[in-house]
Structure formats: structure tokens, C-alpha cells
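On a predicted model such as this, the values are computed, not experimentally measured, just so you know.
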Amino acid sequence: MTVSQLFPIVSARKDLLGKGYLIPGILTVMMVVLLFIFASNPPIFNLLLALYLGGGGFYFIYRLCGKAKPWWVLFLSTLFTMVILVTPILSLFILVFRGILPGNVQDASPDFISQLISHFFGAGLMEELLKALPIFGFFYLGSQLRPPSRQKVGVWEPLDGILIGAASALGFTLLETLGQYVPGIAQQVAQSSSNEFAGALAAVQLLIPRILGSVAGHMAYSGIFGYFIGLSILKPAQRWQILGIGYLVSSGIHAFWNASGSLARNFGELAAVLALMTVGVLAYVFLTAAILKARQLSPTRSQNFATRIAPPN
């Protein structure tokens with residue numbers, strides 16, 4: 001019997017950070033305590049819960065990608081998109097895609113085809129381009145730097161595009177959910193039932209599936225487009241063709257998800273539920289397939305922590 005057998009932490013301290021998921025575990029413990037503390041404060045409770053669930057979803061994509069990217073690049077990608085949504089830049093996007101182009105969902109007919117067309121322009125094309133801005137931004141920033149910062153910061157392969165796109169989509173989802181949907185449903189239910197607790201409960205019930213669903217929703221759409229952006233950088237001779245296909249594919253899947261709810265009007269709730277499940281699964285499968293292909297194409301494949309085999313101890 002040795003000391004390390006009685007106290008494993010003594011011998012395992014070198015592996016804790018790399019193999020023990022130490023930081024995610026510590027963050028989970030801290031988040032649990034904070035959730036208990038702010039259980040009676042719905043706005044802060046919802047913010048903490050959204051950050052934890054959204055961060056967990058992104059961490060899953062990050063581990064699946066297996067490429068180390070500076071944390072501040074990913075954080076700034078999330079923050080950059082959130083800032084865009086509260087600036088006049090958003091108004092410009094709305095003017096183009098929902099004013100000039102046929103993307104105004106409120107004015108569209110309730111049938112599926114009309115809703116699909118409106119969501120394709122007003123949600124798919126608009127939001128996917130908006131969320132891709134950090135990818136193009138870091139591509140430009142990286143091109144202005146020297147090695148090794150150039151490779152670490154910039155977008156040079158599909159994995160870079162997927163990671164920055166998913167981080168950007170996380171910011172979009174957080175601000176959209178916490179700034180629009182959650183307050184809206186809380187106020188609506190509280191007023192209709194004259195019960196603030198009912199409104200707070202409805203808000204949490206909406207927040208959880210929206211944030212969890214972003215792995216097969218906004219983060220998936222942006223990750224897919226990010227894959228194509230990175231691929232266009234690897235294959236500059238076919239850049240515009242690749243970008244066009246990626247933009248249409250990500251926007252199309254996004255539009256199908258948004259429009260699927262309209263099927264309930266003509267075909268019943270079951271048809272809408274089946275359609276939503278099908279599109280959600282398709283988005284997730286497409287994202288994971290893109291990640292796996294991106295790992296195969298990666299110039300830094302030998303350094304990928306999701307594919308390399310650790311030497312035996």
C-alpha cells in the first residue's frame with residue numbers, strides 16, 4: 001500500500017487538468033452554489049442557467065472539434081455578435097433582408113411554403129451572415145499577424161470556422177433568449193394568470209430547451225457555415241462556389257426549422273413535431289459530419305486532441 005493509492009490526488013495531479021475534466025467539474029460546482037443563492041432572483045438565475053447550459057453545449061462542440069483555440073478568440077466571437085445585436089448594424093440587416101428582400105415573416109401567409117420563403121430570407125440568410133461576421137473578422141485579423149499568432153488567431157481551416165461560428169452563435173442565442181423570448185413569455189404568462197411565479201416558471205421552461213437546442217440549432221447552423229468558410233480558405237480556387245453552397249445549406253436548414261411549426265395549422269401538431277425532430281437531427285448530423293471531415297482535412301491533424309492516441313503510461 002502506497003501513499004498514492006491511499007490519496008490518488010497526490011499522483012494524479014499532473015493528469016487532472018488534461019484528463020480529469022477538472023475545470024468543467026469545478027465550474028459546475030460553483031454554478032450549482034450560485035443557482036441556489038439566486039433561486040429567488042429570476043433574472044440572475046436565468047442568466048446563470050443560460051450561461052451554464054450554453055457553455056456546456058459549446059464545450060461539447062469544442063471537444064468534438066479537438067483543436068485548441070485561444071479562449072479569448074472564442075469569447076470575443078461570442079461578445080462581438082451580442083454587441084452587433086444591440087447596435088444599428090442589426091437594423092441594417094433587417095432593412096435589407098426583411099424590408100427589401102421577402103423576409104418579413106409577419107406579412108407572409110401562414111402556409112408552409114410562404115413561411116419557408118420568408119424564414120429563408122428573414123432568418124436563414126440574415127442571421128447566418130450576421131453570425132459569420134466574427135469568422136471573417138478573425139480571418140482578416142489573423143492575416144495581419146505574424147506566426148505563431150497568425151495560426152492561433154486566424155481562420156485557416158474548417159475547424160477554425162466551426163469553432164468561431166459556434167461561439168458566435170452562442171452569443172446570438174443567449175441575447176435572443178434572455179433579451180427577447182424569456183422576458184416576453186414571463187410577462188405574458190404573469191399577466192394572463194395574475195401570477196408572477198407562473199411567469200417565472202414559464203420563462204425557465206422556455207429557456208432550457210432553447211439553450212440546449214442551440215447545439216442542433218444556432219450553433220449547428222453557424223458551425224456548418226463556418227466549415228464551408230474554412231474550406232474556402234483551404235481551396236481558394238473554388239472559394240466563391242464553396243461559400244455560396246455553405247451559405248445556402250446553413251440558411252436552408254435554419255429556415256426549415258423555423259417554418260416547420262406552421263405545419264401544425266394544416267397537418268396537425270404531430271406533423272409539426274415530427275418535422276422539427278427531423279430537421280433538428282439533420283442539423284446535428286450535418287454539424288458532426290462537418291466536424292469529422294474538418295478533422296480529416298486539418299493541416300494540424302497530428303496535434304488534434306480529439307484524434308491523437310495518447311502514449312501508454
Tell me, do [X] and [Y] make a side-chain contact under 4.5 Å, heavy atoms counted?
{"X": "Lys67", "Y": "Gln303", "answer": "no"}
{"X": "Phe172", "Y": "Ile84", "answer": "no"}
{"X": "His254", "Y": "Phe120", "answer": "no"}
{"X": "Val86", "Y": "Leu90", "answer": "no"}
{"X": "Leu297", "Y": "Tyr227", "answer": "yes"}
{"X": "Leu234", "Y": "Pro158", "answer": "yes"}

Using 0.5 Å steps for rounding, measure from the [atom1] atom of [X] to the [atom2] atom of [Y].
{"X": "Asn41", "Y": "Asn46", "atom1": "CG", "atom2": "CG", "answer": "9.0 Å"}
{"X": "Leu287", "Y": "Ile224", "atom1": "CG", "atom2": "CD1", "answer": "6.0 Å"}
{"X": "Leu101", "Y": "Ile94", "atom1": "CG", "atom2": "CD1", "answer": "13.0 Å"}
{"X": "Leu92", "Y": "Met126", "atom1": "CG", "atom2": "CE", "answer": "10.5 Å"}
{"X": "Gln115", "Y": "Ile113", "atom1": "CD", "atom2": "CD1", "answer": "11.0 Å"}
{"X": "Leu49", "Y": "Ile44", "atom1": "CG", "atom2": "CD1", "answer": "13.5 Å"}

| request: Look at atom NZ of Lys152 and say whether more than 12 heavy atoms of other residues, nucleotides or ligands are closer to it than 6.0 Å. | output: no

Is the [X] to [Y] ring centre distance short of 6.0 Å?
{"X": "Trp257", "Y": "Tyr221", "result": "no"}
{"X": "Tyr62", "Y": "Phe305", "result": "yes"}
{"X": "Phe228", "Y": "Tyr247", "result": "no"}

Closest approach of [X] to [Y] (non-hydrogen atoms, all atoms of both residues):
{"X": "Gly280", "Y": "Ala216", "result": "O-CB, 3.6 Å"}
{"X": "Pro147", "Y": "Arg150", "result": "N-CB, 3.8 Å"}
{"X": "Phe225", "Y": "Gly246", "result": "CD1-C, 3.7 Å"}
{"X": "Val285", "Y": "Thr288", "result": "O-OG1, 2.9 Å"}
{"X": "Asn258", "Y": "Ala123", "result": "ND2-CB, 3.3 Å"}

| said: Show, in sequence, the C-alpha distance, side-chain angles and deciding distance for Ser168 and Lys131, and conclude whether the side-chain hydrogen bond (donor to acceptor under 3.5 Å, both in side chains) test is met. | reply: CA-CA 6 Å; Ser168 172; Lys131 291 183 292 179; over 6 Å; no

| said: Ring of Tyr181, cation from Arg210 - is the NZ or CZ under 6.0 Å from the centre and inside 45° of the axis? | reply: yes

Tell me whether [X] contacts the main-chain N or O of [Y] through its side chain, where contact means a donor paired with an acceptor under 3.5 Å.
{"X": "Thr78", "Y": "Ala167", "value": "yes"}
{"X": "Ser192", "Y": "Val189", "value": "yes"}
{"X": "Asn304", "Y": "Cys65", "value": "yes"}
{"X": "Ser222", "Y": "Met219", "value": "no"}
{"X": "Arg301", "Y": "Arg295", "value": "yes"}
{"X": "Ser194", "Y": "Ala190", "value": "no"}
{"X": "Ser251", "Y": "Gly124", "value": "yes"}

| Yes or no on side-chain hydrogen bond (donor to acceptor under 3.5 Å, both in side chains) for Gln238 and Lys235, after CA distance, side-chain angles and deciding distance? | CA-CA 6 Å; Gln238 300 171 289; Lys235 301 179 180 296; 5.6 Å; no

| request: May I ask you to check whether Glu157 and Ser298 show a side-chain donor-acceptor distance below 3.5 Å? | output: yes

| request: Evaluate side-chain hydrogen bond (donor to acceptor under 3.5 Å, both in side chains) for Ser214 paired with Thr173, printing each intermediate quantity in order. | output: CA-CA 7 Å; Ser214 64; Thr173 303; 4.7 Å; no

